[in-house]
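Reading through the structure tokens given below for one structure.
Chain letters run A, B, ... following the sequence lines, proteins first, then strands; residues in each count from 1.
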Amino acid sequence: MTELNKGVFPSFQQNLVQWYKEHKRELPWRLSQDPYRVWVSEIMLQQTRVDTVIPYYERFMREFPSMEDLAEAEEDRLLKVWEGLGYYSRVRNLQSAVREVVEEYASQVPRTRKQVESLKGVGPYTAGAILSIAYDLPEPAVDGNVMRVLSRVFCIEADIAKPKTRKIHEEILYELIDKQDPSSFNQGLMELGALICTPTSPGCLLCPVREQCQAYEMGRQGDLPIKSKKKKAKVVKLNAFVLTTSDGRFVIEKRPNTGLLAGLWQLPMTQIDAEESHSLANSYVVESDIVKQSFQVRHVFSHLIWEIDLYAAKVSTNEIPETAKFVERKDLEGYAFPVSQQKLLTYCLEEELL
DNA sequence: TAGACGTGGCA
DNA sequence: TTGCCAAGTCT
């Protein structure tokens, strides 16, 4: 950053902050600066679109209006409220961190980067967002939007997919951030990235900082930021089983409390690559043929793809694994299921397999 | 550092 | 249909 370049800082700040104040969206988490509400919204917004988050946020704040309410909640209820949002470890970490704040900080979200960032689930971005939005502290909050905007404004060539690139942007922001209104500045940067300075076809003609943008000046806004490609997701083949009993119940299993979809419920499933696709016999007493259904689910995660075949069978109520449960249709709404399982269950209900 | 960790929308 | 994304963090 040359001294000459720093000359653009004051007008960049003013243009951005003024634009933000005039054009910012009315979002439910923008109604107050309450640190807990800001915190919840930032966790939900990680890798998740605003439109998706809004109804989840409203419901979450109704269910857990205070940090004490969240600290005391049962994990199954947490997961049910988070059901469908994805990245489920977020809500466990949030509860764990909220408990720490309630117990160690007398229910006051701390005000230093070191303390906030040490909370579970709070990384460099979220720490900066909480400190700037709730407490008006001049801390950078570097997310994907911010790196895209800054890459263009300053023609930064660093690959924004690389972890260390975030630090480059933070260093710039410690100088660039508006010390008078860090909240509007940080949110303005993100709002600009979301509404104007978008990944493809940015709306430069509407941009409040066009005059300060080096990429625009050079006609390079379409080439920046640099971002390396992700690797392809691997396909995992699974069998799922609708196991019904003579008294009208069926089996669901709770997933392990770590790893993928931790703690959520599902139909019994076996991975196919091992030659034990029908290893059901180890866990259940099957009292009928195992009938393959003409129905498949293909579910795409960020790092893998599930291809699930569905089978139906009758089982006795005698033997059942620790993690399994016999339930009735009407009780399904009490359990949290990932989307892949909702697809299977919807089919089962429509075909009256359950 | 790179991979794990979800979901829905859009070109 | 496929790929990429959207306010990241943890290991």
Tell me whether the OP1 or OP2 atom of [N] has a side-chain N or O from [X] closer than 4.0 Å.
X	N	value
A:Lys232	C:dG3	yes
A:Ser340	B:dG6	no
A:Tyr88	B:dT7	yes

Residues of [range] with any non-hydrogen atom less than 4.0 angstrom from an atom of DNA chain B: list those, numerically ordered, please.
range	value
residues 77-85 of chain A	A:Gly84, A:Leu85
residues 184-196 of chain A	none
residues 42-49 of chain A	A:Gln47, A:Thr48, A:Arg49
residues 112-123 of chain A	none

Checklist entry - Between atom CD1 in A:Ile305 and atom C1' in B:dG6, what is the gap in whole Å? => result 13 Å

Checklist outcome for this item: Rounded to whole Å, the CZ-C1' distance (A:Arg148 to C:dC4) equals 12 Å

Name the nucleic acid region contacted by [X], choosing base, sugar-phosphate or nothing; use a 4.0 angstrom heavy-atom cut-off, strictly under.
X	result
A:Leu27	base
A:Arg255	nothing
A:Lys227	sugar-phosphate

Next on the checklist: Please pick, from C:dT9, B:dT7, C:dC4, the nucleotide with the shortest atom-to-atom distance to any side-chain atom of A:Phe301.
Outcome noted: B:dT7

Next on the checklist: Ring-plane angle category for A:Tyr335 and A:Trp265, please: parallel below 30°, perpendicular beyond 60°, tilted otherwise.
Outcome noted: perpendicular

Which donor-acceptor pairs under 3.5 Å do side chains of residues 200-211 of chain A form with protein atoms, sequence neighbours excluded?
from	atom 1	to	atom 2	distance (Å)
A:Arg210	NH1	A:Cys204	O	3.3
A:Arg210	NH1	A:Leu205	O	2.9

Could you go through residues 50-59 of chain A and list every donor-acceptor pair under 3.5 Å that involves a side-chain atom there, pairing it with any protein atom two or more places apart or in another chain?
from	atom 1	to	atom 2	distance (Å)
A:Tyr56	OH	A:Glu83	O	2.8
A:Tyr57	OH	A:Arg37	NE	3.4

Item to check | Minimum heavy-atom distance A:Val116-A:Pro110, with the two atoms named | outcome: CG2-O, 3.1 Å

Item to check | Where A:Val297 and A:Ser340 come nearest, the two heavy atoms and their spacing | outcome: CG1-O, 4.3 Å

Checklist entry - Does the base of B:dG6 carry an N or O that pairs as donor and acceptor with the side chain of A:Ser302 under 3.5 Å? => result yes

